[in-house]
Every structure is written in structure tokens, then in C-alpha cells.
Asks: 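Take a look at the following structure, please.
What you see below is based on every heavy atom in this structure, not just the backbone, and it leaves out hydrogens, waters and symmetry mates.
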Amino acid sequence: MSQISVQPVAYSVDGQAFEGQLVFDASSTAPRPGLLMAPNWMGVSQGALDTARKVAERGYVVLVADLYGKDVRPNGPDQALAAMMPLKNDRSLLRQRMQGSLKALLEQAGKAPLDTAKLATFGFCFGGCCSLELARDGAPVAAAVSFHGTLDTPNPADAKNIKGAVLVLDGAIDPLVPREQLGEFAREMTAANVDWALTSYGGAAHSFTDPHAQVPGKMQYDAKVARRAFAAMFDLLDERFGA
């Protein structure tokens, strides 16, 4: 039986204090791949931890990245938007914080059964954007996965820096991810000769993996699509890590 441990991880990026959460199965000491999880715009929330637990149960060491700062925990959409937009508008800053979070994950090797040679990143909504930007920044990740995230980037040529595979899991009726971004993303990845895939799930809106999303046609949980999307991620990770 798994014994999921959740531990705070304090780290700094450019002199600012951050606190992520390390989630892993403490019942086994065998080294496991490390996954950097970029949460949605609510940041390090209970919902993010619930998701991280489910992923950790599959045999991964997961760090839920803190992208806003230790003292910034949004309480509602207005605060989340205020915390998110400075990063959306400054991709260099966003990448810096993702790189700092990845470094923090690597530093947990002595505290968790982490295989530092096997790394990947995944994220949800805003976090999906963050995971793709980390890959575009040349991070040593074997895979970058985006669940219902925006796909735009100010520097499409940076796709040449991507070292691993990229998987985008999209809701076909997502009104918050402009449909033209799908074609732009495909051209960006193809031009850089990236190993990429994009699956657009029919009838799925934004936040289809979030059980708390209940705004029909806009942000809405879809259990069937969520199951299929997570299965696609785990299949890619198995392939990349040789499971």
C-alpha cells in the first residue's frame, strides 16, 4: 500500500522566497522519475495537491511548483488573475521561476527517492503554459505536458531548444484557448523538428481535469476526458522513461 508523503520545500529564485510541495510515495526507496508540476492559476492549492497525490501514486516524485512566492496564495479568481498576469506578460520571469523550481526538485534527491536523470514537467491551464515555456527554455526534461493550457509564446523560434517530447491535451470547445493557437503551435513545433503531439478532445471545455470546474461550456470537468488525458500523459512518460 502506498504511503503518500507531502512535504514543504523552501527555495529562492532571484532572492525571493518560494515554497513548493514535494509529493511522493514514502513506502518505497526505489529511485523514481521526478515531475515538476505547474498548477493552475490558483497556485499551490489543495486541488493542486490532490492531483499531485494521484500522480505520485503512479510511481513519481512530484514537486508542485510555487510560481507566485511563499506568501502569495490566491483566494479567488481576482487574486489569481493578479498573481498570474505579470508572469504571462513576462515570459522571461516565468521561465526563471520554472527553472528555479526545477532546480529545487533536483535538490530533493537526498530527501526523496528521486532519479535525477529522469525528469519531466506537466501543468494545468496557466501551468500548461508554464510547462511548455520551461521546455522552450531548454530545460533537461524528457517530456513536457500541457492540460488545457494556452499555447502561445512570444519567441516561437525557442522551440529549437526543446530537448524532449511535447504533449498538448486540449479541449476542442475551450473558449479560453483561442483556436488559432493550435495551428500556430503545430507550425512552431514542426519547424523546430520537435517530437510533439496534440490531442483535442471533442466536447471538452477549459479545465476539463478539474472536478471543481462547473461552468458549462466554459470551465467544466469531464471525467471521461480527464481519464483519457491522464492516460495519454502516463503512456508518454512510460515511453520516455523506459518503464
Asks: Less than 4.0 Å between a side-chain N and a carboxylate O, is that true for R91 and D158?
Replies: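 Salt bridge: no.
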Asks: Looking at every non-hydrogen atom in both residues, tell me the closest pair between T116 and A109 and how far apart they are.
Replies: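 Nearest heavy atoms, T116 then A109: CG2-CB, 3.8 Å.
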Asks: Just do the side-chain contact (heavy atoms from CB on, under 4.5 Å) check on Q220 and V215 with the steps written out, would you?
Replies: CA-CA 5 Å; Q220 188 169 15; V215 183; over 6 Å; no
Asks: Among L36, L105, V145, L102, which one satisfies side chain to side chain contact (heavy atoms under 4.5 Å, CB included) with T121?
Replies: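 It is L36; the other options fail the test.
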Asks: Could you note down all residue pairs passing salt bridge (charged side-chain N to carboxylate O under 4.0 Å, His left out) where residues 68-84 supplies at least one of them, sequence neighbours left out?
Replies: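 The answer is D66-R73.
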Asks: Shared ILVMFWY cluster between L182 and M189, side chains joined below 4.5 angstrom?
Replies: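 Yes: a chain of side-chain contacts under 4.5 Å links L182 to M189.
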Asks: If every non-hydrogen atom of R240 is compared with every non-hydrogen atom of G164, which pair is closest and at what distance?
Replies: NH2-CA, 3.7 Å
Asks: Let me see the working for Y68 and F18 under ring-ring contact (aromatic ring centres under 6.0 Å, His included), right down to the final yes or no.
Replies: CA-CA 7 Å; Y68 298 153; F18 294 83; 9.3 Å; no
Asks: For a side-chain contact (heavy atoms from CB on, under 4.5 Å) check, start with the C-alpha distance between N40 and S207, then their side-chain angles and the critical distance, and finish with the verdict.
Replies: CA-CA 9 Å; N40 66 19; S207 300; 5.9 Å; no
Asks: Does the distance from a Lys or Arg side-chain N to an Asp or Glu carboxylate O, for K103 and E107, drop under 4.0 Å?
Replies: yes
Asks: Would you say V9 and V23 are hydrophobically clustered, going by side-chain heavy atoms of ILVMFWY under 4.5 Å?
Replies: no
Asks: Is there a side-chain contact between P77 and W41 in this structure, where contact means two heavy atoms from C-beta onward sitting under 4.5 Å apart?
Replies: yes
Asks: With a 4.0 Å cut-off, would you call D238 and R58 a salt bridge?
Replies: no
Asks: How long is the gap from SG on C130 to CG on L94, to the nearest 0.5 Å?
Replies: 4.0 Å
Asks: Please report the C-alpha distance between D137 and Q99 in whole Å, then the side-chain angles of each, then the deciding distance to 0.1 Å, and finally whether the side chain to side chain donor-acceptor pair (under 3.5 Å) criterion is met.
Replies: CA-CA 9 Å; D137 201 40; Q99 290 279 14; 2.9 Å; yes
Asks: Going hydrophobic residue to hydrophobic residue with side-chain gaps under 4.5 angstrom, can you get from V55 over to L114?
Replies: no
Asks: Are the side chains of Q181 and D152 in contact, using a 4.5 Å heavy-atom criterion?
Replies: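 The answer is yes, as the side chains (C-beta and beyond) meet within the 4.5 Å cut-off.
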Asks: Heavy atoms only: give me the nearest A172-G202 pair and the separation to one decimal.
Replies: CB-CA, 3.9 Å
Asks: Which residues pass the ring pair (Phe, Tyr, Trp, His ring centres under 6.0 Å) test with F24, sequence neighbours left out?
Replies: none
Asks: Determine whether Q21 and V44 satisfy the following criterion, side-chain contact (heavy atoms from CB on, under 4.5 Å), listing intermediate values before the conclusion.
Replies: CA-CA 8 Å; Q21 296 288 330; V44 183; 3.8 Å; yes
Asks: I'd like to know if the side chain of Y221 pairs up with that of T209 as donor and acceptor (distance under 3.5 Å, no hydrogens or angles considered).
Replies: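 Y221 vs T209: no donor-acceptor pair found between side chains.
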Asks: Just so I know, are the side chains of L198 and L169 near enough to count as touching, which here means a heavy-atom distance under 4.5 Å?
Replies: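 No. Closest side-chain heavy atoms not under 4.5 Å.
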Asks: Per the salt bridge (charged side-chain N to carboxylate O under 4.0 Å, His left out) rule, what does the pair list look like for residues 165-180, sequence neighbours excluded?
Replies: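 Listed by first then second residue: D170-R179.
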Asks: If hydrophobic clusters are built by linking Ile, Leu, Val, Met, Phe, Trp and Tyr wherever their side-chain heavy atoms come under 4.5 Å apart, do M219 and L81 end up in the same one?
Replies: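 Hydrophobic grouping puts M219 apart from L81.
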Asks: With a 4.5 Å heavy-atom cut-off, do L49 and V64 have their side chains touching?
Replies: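 In contact.
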Asks: Just by distance, do the side chain of S131 and the backbone of G123 share a donor-acceptor pair under 3.5 Å?
Replies: yes
Asks: Hey, quick one: are F230 and F241 part of the same hydrophobic cluster, counting side-chain heavy atoms closer than 4.5 Å, chains of contacts allowed?
Replies: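 Both belong to a single hydrophobic cluster.
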Asks: Taking R32 for the side chain and A30 for the main chain, is one N or O donor matched with an acceptor at less than 3.5 Å?
Replies: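 Pair found, side chain donor or acceptor close to backbone of A30.
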Asks: Mind checking what makes ring pair (Phe, Tyr, Trp, His ring centres under 6.0 Å) contact with Y60, not counting sequence neighbours?
Replies: none
Asks: Kindly indicate, with the supporting measurements, whether the criterion side-chain contact (heavy atoms from CB on, under 4.5 Å) is fulfilled by L132 and L151.
Replies: CA-CA 8 Å; L132 295 180; L151 308 176; 3.8 Å; yes
Asks: Mark yes or no for whether Q16, through its side chain, and S12, through its backbone, hold a donor-acceptor pair below 3.5 Å.
Replies: no
Asks: Nearest 0.5 Å please: distance from the CG atom of L236 over to the CG atom of L167.
Replies: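 Going from CG on L236 over to CG on L167, the span is 5.5 Å.
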Asks: Does the side chain of T153 come under 3.5 Å of the side chain of E133 through a donor N or O and an acceptor N or O?
Replies: yes
Asks: Just checking, is any N or O donor in the side chain of T150 or K88 under 3.5 Å from an acceptor N or O on the other one?
Replies: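 Looking only at side-chain atoms, K88 and T150 do form a donor-acceptor pair, the distance falling under 3.5 Å.
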Asks: Testing the basics here: between P140 and L119, what is the closest heavy-atom pair and its distance to 0.1 Å?
Replies: O-CB, 3.9 Å
Asks: Looking only at heavy atoms, what is the nearest atom pair of A52 and M37, with distance?
Replies: CB-SD, 4.0 Å
Asks: How about F126 and L87: do any of their side-chain heavy atoms sit closer than 4.5 Å?
Replies: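 Yes, at least one pair of side-chain atoms sits under 4.5 Å.
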Asks: Any donor-acceptor pair under 3.5 Å linking the side chain of D115 with the backbone of A117?
Replies: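 Yes: the side chain of D115 pairs with the backbone of A117.
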Asks: Tell me every residue that passes side chain to side chain contact (heavy atoms under 4.5 Å, CB included) with A204, counting only those two or more places apart in sequence or in another chain.
Replies: Y201, F208, V225
Asks: Out of curiosity, F124 CZ to S146 OG, how far, rounded to the nearest 0.5 Å?
Replies: 9.5 Å
Asks: So do the side chains of V141 and K163 get within less than 4.5 Å of each other, counting heavy atoms only?
Replies: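 No, side chains not in contact.
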Asks: Indicate the atoms forming the closest heavy-atom contact of A48 with G43, along with that distance.
Replies: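 A48 and G43 have their closest heavy atoms at CB-O, 3.8 Å.
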Asks: With side chains defined as the heavy atoms from C-beta onward, is the minimum distance between H212 and D210 less than 4.5 Å?
Replies: yes
Asks: As an exercise, state the distance from CG of N155 to NZ of K160, rounded to the nearest 0.5 Å.
Replies: 8.5 Å
Asks: Between N89 and M85 (side chain of the first, backbone of the second, donor and acceptor by atom type, cut-off under 3.5 Å), is there such a pair?
Replies: yes
Asks: Tell me if the NZ atom of K54 is crowded by more than 12 foreign heavy atoms within 6.0 Å.
Replies: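 12 or below, so no.
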Asks: How far does CG of L134 sit from CE of M98, to the nearest 0.5 angstrom?
Replies: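 Reported value, rounded in 0.5 Å steps: 4.5 Å.
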Asks: Decide yes or no for E188 and R136: does some side-chain heavy atom of the first lie under 4.5 Å from some side-chain heavy atom of the second?
Replies: yes
Asks: If you measure from NE2 on H206 to CG on L176, what distance do you get to the nearest 0.5 Å?
Replies: 5.0 Å
Asks: Going by side chain to side chain contact (heavy atoms under 4.5 Å, CB included), name the residues that satisfy it together with S92, two or more places apart in sequence or in a different chain.
Replies: D90
